[in-house]
Amino acid sequence: MKKYSKKTVITIIIVNIMLVVTAICWIKLNKFNYSDHLDEVIIKIDDSSVTLREFGYYIYEVEDFVQEQALIYDPDNPKHWWNTHFSAGMDSQFVCDYAKKVAINTCISDEIYYQEAVSSGITLSSDEEIQAADTAKEAFNSMTPEQITATGINEVIVLDMTRRHALAAKYAETLIENEDMTAYSDDPQKLVNWDGAFYLEKVLPRHVTWTNEEVLDQITFGLITVNQS
């Protein structure tokens with residue numbers, strides 16, 4: 001058996017300690033800090049952009065919805081549901097990953113429909129404006145101070161995103177009323193959704209989209225506005 005001198009052993013120990021310390025420092029220096037990226041663009045649709053702060057609207061909405069399911073599934077440990085993996089062939093994924101997918105693609109489809117509504121001269125009626133304002137106020141008031149701080153959003157952002165969502169939904173309804181969808185078997189409401197065949201085949205290709213994967217890959221749904229402790 002090969003023998004090592006005391007000096008060699010000490011040197012090996014020191015080198016290993018240095019490697020561990022270097023690794024710890026690297027992890028700390030490269031640790032993702034959500035708040036540092038709030039004003040960074042994470043989604044682009046044509047000439048429009050959405051910052052992480054604005055995207056917080058979708059994060060809150062999706063996390064709030066899924067958290068309700070999580071609490072039904074396991075009231076004592078809702079994270080259990082968020083970390084549940086569903087096996088469905090190519091579509092296999094964790095709940096947290098699917099929630100992120102829904103938020104991102106809903107944001108993109110909302111902006112696309114919003115742009116097309118504006119280009120088509122479609123606007124919200126006075127009653128729809130009031131309804132959007134009421135919905136936005138209710139949503140913002142339902143958020144805790146911790147959730148507001150976590151997302152970095154404010155009442156103005158919530159109102160703006162709610163109005164955009166309302167106008168996008170109104171435009172989607174005009175597509176259902178005016179476009180020929182007889183070639184599809186799904187319900188028209190599903191066809192114009194972010195994962196609907198009509199939207200994916202006819203609407204989405206008309207626009208250029210981009211997502212900031214460097215930031216989005218660092219975000220874990222189920223831990224931003226819920227399960228914070």
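Computed from a predicted model, the values in this text were never measured in an experiment.
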Testing the basics here: between [X] and [Y], what is the closest heavy-atom pair and its distance to 0.1 Å?
{"X": "I219", "Y": "K100", "result": "O-NZ, 2.7 Å"}
{"X": "I42", "Y": "T51", "result": "CG1-C, 4.0 Å"}
{"X": "W82", "Y": "Q67", "result": "NE1-OE1, 2.8 Å"}
{"X": "T151", "Y": "G56", "result": "CG2-O, 4.1 Å"}

Can you confirm whether [X] sits close enough to [Y] that some side-chain heavy atom of one is under 4.5 Å from a side-chain heavy atom of the other?
{"X": "N193", "Y": "Y199", "answer": "no"}
{"X": "K79", "Y": "L223", "answer": "yes"}
{"X": "Q93", "Y": "F86", "answer": "no"}
{"X": "Y60", "Y": "S142", "answer": "yes"}
{"X": "V95", "Y": "N83", "answer": "no"}
{"X": "W210", "Y": "I43", "answer": "no"}
{"X": "E68", "Y": "D64", "answer": "yes"}
{"X": "L191", "Y": "I176", "answer": "no"}

With rounding to the nearest 0.5 Å, note down the distance linking [atom1] in [X] to [atom2] in [Y].
{"X": "E40", "Y": "N212", "atom1": "CD", "atom2": "CG", "answer": "5.0 Å"}
{"X": "C107", "Y": "I112", "atom1": "SG", "atom2": "CD1", "answer": "10.0 Å"}
{"X": "T209", "Y": "I108", "atom1": "OG1", "atom2": "CD1", "answer": "5.0 Å"}
{"X": "I122", "Y": "E116", "atom1": "CD1", "atom2": "CD", "answer": "9.5 Å"}
{"X": "T220", "Y": "N227", "atom1": "OG1", "atom2": "CG", "answer": "12.0 Å"}
{"X": "D187", "Y": "M181", "atom1": "CG", "atom2": "CE", "answer": "10.0 Å"}

For the side chain of [X] and the backbone of [Y], is there at least one donor-acceptor N/O pair under 3.5 Å apart?
{"X": "R53", "Y": "G152", "value": "yes"}
{"X": "S109", "Y": "T106", "value": "yes"}
{"X": "N105", "Y": "K101", "value": "yes"}
{"X": "N178", "Y": "T174", "value": "yes"}
{"X": "T84", "Y": "W81", "value": "yes"}
{"X": "E63", "Y": "G222", "value": "yes"}
{"X": "N154", "Y": "I157", "value": "yes"}
{"X": "Y113", "Y": "V192", "value": "yes"}
{"X": "D46", "Y": "H207", "value": "no"}
{"X": "Q69", "Y": "F65", "value": "no"}

Check the orientation of F94 and H85. Use parallel for under 30°, tilted for 30 to 60°, and perpendicular for over 60°. perpendicular
Please work out which of the three classes, parallel, tilted or perpendicular, describes the rings of W194 and Y98, given edges at 30° and 60°.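 Because their plane-to-plane angle lies in the 30° to 60° range, the rings of Y98 and W194 count as tilted.
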Can you find a side-chain donor-acceptor pair between [X] and [Y] that sits under 3.5 Å?
{"X": "D127", "Y": "S125", "result": "no"}
{"X": "E173", "Y": "Q189", "result": "yes"}
{"X": "S48", "Y": "Q115", "result": "yes"}
{"X": "Y34", "Y": "Q218", "result": "no"}
{"X": "T135", "Y": "Q131", "result": "yes"}

I would like to know whether F140 and L159 meet side-chain contact (heavy atoms from CB on, under 4.5 Å); could you show each step before the answer? CA-CA 9 Å; F140 186 75; L159 175 58; over 6 Å; no
Within a 6.0 Å radius of atom [atom1] on [X], are there more than 12 heavy atoms belonging to other residues, nucleotides or ligands?
{"X": "K170", "atom1": "NZ", "value": "yes"}
{"X": "E138", "atom1": "CD", "value": "no"}
{"X": "E214", "atom1": "CD", "value": "no"}

Under 4.5 Å between side-chain heavy atoms, hopping through other hydrophobics if needed: is there a path connecting [X] to [Y]?
{"X": "Y73", "Y": "V62", "result": "yes"}
{"X": "L200", "Y": "F198", "result": "yes"}
{"X": "V215", "Y": "V50", "result": "yes"}
{"X": "I224", "Y": "V102", "result": "yes"}

Donor-acceptor pairs under 3.5 Å, side chain of residues 161-168 to any protein atom, not counting sequence neighbours: which ones?
| residue | atom | partner | partner atom | Å |
| --- | --- | --- | --- | --- |
| T162 | OG1 | V158 | O | 2.6 |
| R163 | NE | E129 | OE1 | 2.8 |
| R163 | NH2 | E129 | OE2 | 2.8 |
| R164 | NE | D160 | OD2 | 3.4 |
| R164 | NH1 | E111 | OE1 | 2.9 |
| R164 | NH1 | E111 | OE2 | 3.3 |
| H165 | ND1 | D110 | OD1 | 3.4 |
| H165 | ND1 | D110 | OD2 | 2.8 |

